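What follows is a single structure, written as structure tokens, with notes after it.
Proteins get letters first, then strands, A, B, ... in listed order; numbering begins at 1 in each. Source: prediction; values computed, not measured.
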Number of protein chains: 2
Amino acid sequence: MTEPVVGRRERKKAATRQAIADAALRLFLERGYDQVGIRDIADAADVSTTTLFKHFSGKEALVFDQEQDVDAGLVAAVRERVAGESVADALRRYVLAHWLPIAGHPQRAEFVALVDTTPALRAYYEQMWTRHTGTLGAAIAAELGRPADDLACLTLARFVLDIPALTSTRPDRRAAVETIFELLRDGWNERTG
Amino acid sequence: MTEPVVGRRERKKAATRQAIADAALRLFLERGYDQVGIRDIADAADVSTTTLFKHFSGKEALVFDQEQDVDAGLVAAVRERVAGESVADALRRYVLAHWLPIAGHPQRAEFVALVDTTPALRAYYEQMWTRHTGTLGAAIAAELGRPADDLACLTLARFVLDIPALTSTRPDRRAAVETIFELLRDGWNERTG
DNA sequence: ACACAAAGTTGACTCGTTGCACTTTTGGAT
DNA sequence: ATCCAAAAGTGCAACGAGTCAACTTTGTGT
């Protein structure tokens with residue numbers, strides 16, 4: 001095994017961060033986002049508010065501590081796709097396999113409910129996705145040997161990243177995802193249902 | 001001429017609102033968004049901060065006073081399209097005709113620069129667009145005799161509303177818009193440039 | 001053992017935004 | 001003409017998020 005080179009210092013730092021994130025999520029779920037102040041969280045984690053803000057950029061960031069690397073999975077899905085599979089298909093497979101199950105989890109449900117019912121969090125969450133457009137677009141372009149800022153690739157990336165917003169309120173999320181990917185593959189067709 | 005039915009009351013209210021918006025835009029352009037406080041604007045317009053917030057929902061809204069009814073034009077374009085024209089074509093025509101020229105205007109340039117260089121304004125602006133997804137999607141669906149929350153229609157609406165974000169940094173914005181509409185019409189094609 | 005840097009504390013401060021109690025204005029009904 | 005209720009505006013105090021500067025504590029490398 002590789003001995004972790006991290007000393008007590010970094011471990012304590014990570015512990016503090018975790019304590020803050022845990023306290024925040026617990027309080028948010030208990031009382032609701034708007035009913036919890038930064039000072040409440042800081043007190044619960046037994047740190048000062050200044051320390052809290054050295055670990056997290058803002059109140060919203062406390063909620064999304066875990067889901068930082070959204071694009072990593074997408075980029076990997078595009079790069080390590082099976083031979084002959086198109087980029088769009090790889091993305092479709094990844095989305096169906098990784099984005100749908102999350103909503104089913106028991107504890108994830110109340111987390112999703114928290115985000116959905118809090119406008120500030122909805123807004124922050126949506127922006128999280130669109131912020132990854134550049135990364136995913138560049139990855140797609142690289143696979144196809146096009147320039148990193150190729151418009152078509154960026155557009156595909158953006159459209160794929162729109163999927164969560166478009167499907168979140170649908171009764172059958174899987175069918176919704178399929179519908180959107182069909183539209184992406186075949187284009188907008190006025191005459192079919 | 002049609003005598004304006006508005007009394008002194010509404011006229012004064014409108015004047016106050018305009019004074020606030022003018023003062024705000026002037027100060028923002030002079031010093032930059034973050035260097036201007038709400039109290040500065042209220043003072044410049046000679047009103048109290050309370051009054052200011054009765055006219056505008058927040059600091060960002062002061063900047064976008066003029067471009068409220070984004071969706072009205074889009075909805076009209078879809079509804080009053082020429083016979084036989086597809087919804088997608090109508091949207092393409094409207095976007096090419098109405099969204100492109102704006103960027104060319106002289107004073108509009110520094111306004112755009114202000115928005116582009118201020119993260120808070122960029123975020124607010126992007127959300128303005130996506131907020132119209134429901135309206136435009138419903139309008140498209142109505143034209144095609146589909147349910148108002150038809151997923152394909154909402155998706156098309158969303159994708160069209162993504163266009164400003166995708167094309168704003170492009171050297172040739174017209175070509176960029178055309179490219180995206182081609183992608184929307186024909187679907188994502190891996191093999192063509 | 002020592003010195004330096006990173007982590008944390010404290011308290012006051014800025015700034016957007018809201019609430020409350022109050023005055024002024026104005027349109028309409030009597 | 002007059003009076004009233006609603007709308008518009010004011011002043012001020014407050015709240016919560018986030019920042020700042022000076023200071024203390026705690027690891028770490030030498």
Side-chain angles (χ1 to χ4, degrees), chain A residues 3-25 27-28 30-65 118-124 127, chain B residues 3-25 27-28 30-65 114 118-125 127:
Chain A
E3 273 295 327
V5 200
V6 298
R8 196 175 5 256
R9 205 193 196 100
E10 296 190 41
R11 247 179 300 124
K12 283 202 174 182
K13 183 174 180 175
T16 303
R17 182 193 175 88
Q18 195 59 42
I20 296 171
D22 289 349
L25 190 57
L27 291 176
F28 286 153
E30 277 175 17
R31 305 186 209 162
Y33 182 76
D34 294 316
Q35 276 60 55
V36 179
I38 290 290
R39 274 125 187 131
D40 298 332
I41 301 167
D43 284 352
D46 203 41
V47 295
S48 66
T49 70
T50 26
T51 299
L52 188 154
F53 281 114
K54 280 200 184 105
H55 285 276
F56 296 91
S57 58
K59 192 182 179 185
E60 299 98 336
L62 286 164
V63 177
F64 301 103
D65 187 30
T118 312
L121 292 181
R122 276 198 75 84
Y124 188 88
Q127 280 195 243
Chain B
E3 273 295 329
V5 200
V6 298
R8 193 175 7 257
R9 204 190 196 100
E10 297 189 39
R11 247 181 298 123
K12 282 202 174 182
K13 183 173 180 176
T16 304
R17 182 193 176 88
Q18 196 58 44
I20 296 171
D22 289 349
L25 191 55
L27 290 176
F28 286 153
E30 277 175 17
R31 306 185 208 161
Y33 183 76
D34 294 316
Q35 275 62 55
V36 180
I38 291 290
R39 287 150 180 102
D40 297 333
I41 300 168
D43 284 351
D46 202 40
V47 296
S48 66
T49 70
T50 320
T51 300
L52 188 152
F53 280 112
K54 280 204 182 98
H55 285 275
F56 297 92
S57 58
K59 192 182 180 184
E60 300 97 337
L62 287 164
V63 177
F64 300 106
D65 187 30
L114 174 71
T118 311
L121 292 181
R122 276 198 75 83
Y124 188 88
Y125 189 63
Q127 280 196 243

Side-chain donor or acceptor of A:Arg31 paired with backbone N/O of A:Val36 under 3.5 Å: no
Roughly how many Å is it from CZ in B:Phe53 to C1' in D:dA14, rounded to a whole number? 14 Å
From CG of A:Leu52 across to P of D:dT19 the rounded distance in Å is 11 Å
Find out whether A:Phe28 and A:Thr118 are in side-chain contact, i.e. whether some heavy atom of one side chain is under 4.5 Å from a heavy atom of the other. no
Exercise: identify the closest heavy-atom pair between A:Tyr124 and A:Ala61: OH-CB, 3.7 Å
Interatomic distance where CG belongs to A:Asp43 and P belongs to C:dT9 [whole Å]: 11 Å
Nearest whole Å is fine: how far is C:dG27 P from B:Arg11 CZ? 8 Å
Under 3.5 Å, is there any donor-acceptor pair linking the side chain of B:Arg39 to the base of C:dG16? yes
Round to the nearest Å and state the distance from A:Arg8 atom CZ to C:dA5 atom C1'. 16 Å
Treating primed atoms plus P, OP1 and OP2 as sugar-phosphate and everything else as base, which nucleotides of nucleotides 5-12 of chain D get B, S or - for protein heavy atoms under 4.0 Å? -BBSBBBB
Separation of B:Leu62 atom CG from C:dC15 atom P, in whole Å? 16 Å
Hey, does the side chain of A:Asp40 reach the backbone of A:Gly37 with a donor-acceptor pair shorter than 3.5 angstrom? yes
How long is the line joining CZ of A:Phe28 and C1' of D:dG16, in whole Å? 13 Å
Search all heavy atoms of A:Ala42 against all heavy atoms of A:Ser48 and return the closest pair with its distance. CB-C, 4.1 Å
When you measure from the centre of the six-membered ring of A:Tyr33, is the NZ or CZ of A:Lys59 under 6.0 Å away and within 45° of the axis? yes
Rounded distance in Å - CG (B:Asp34) to P (C:dC15): 11 Å
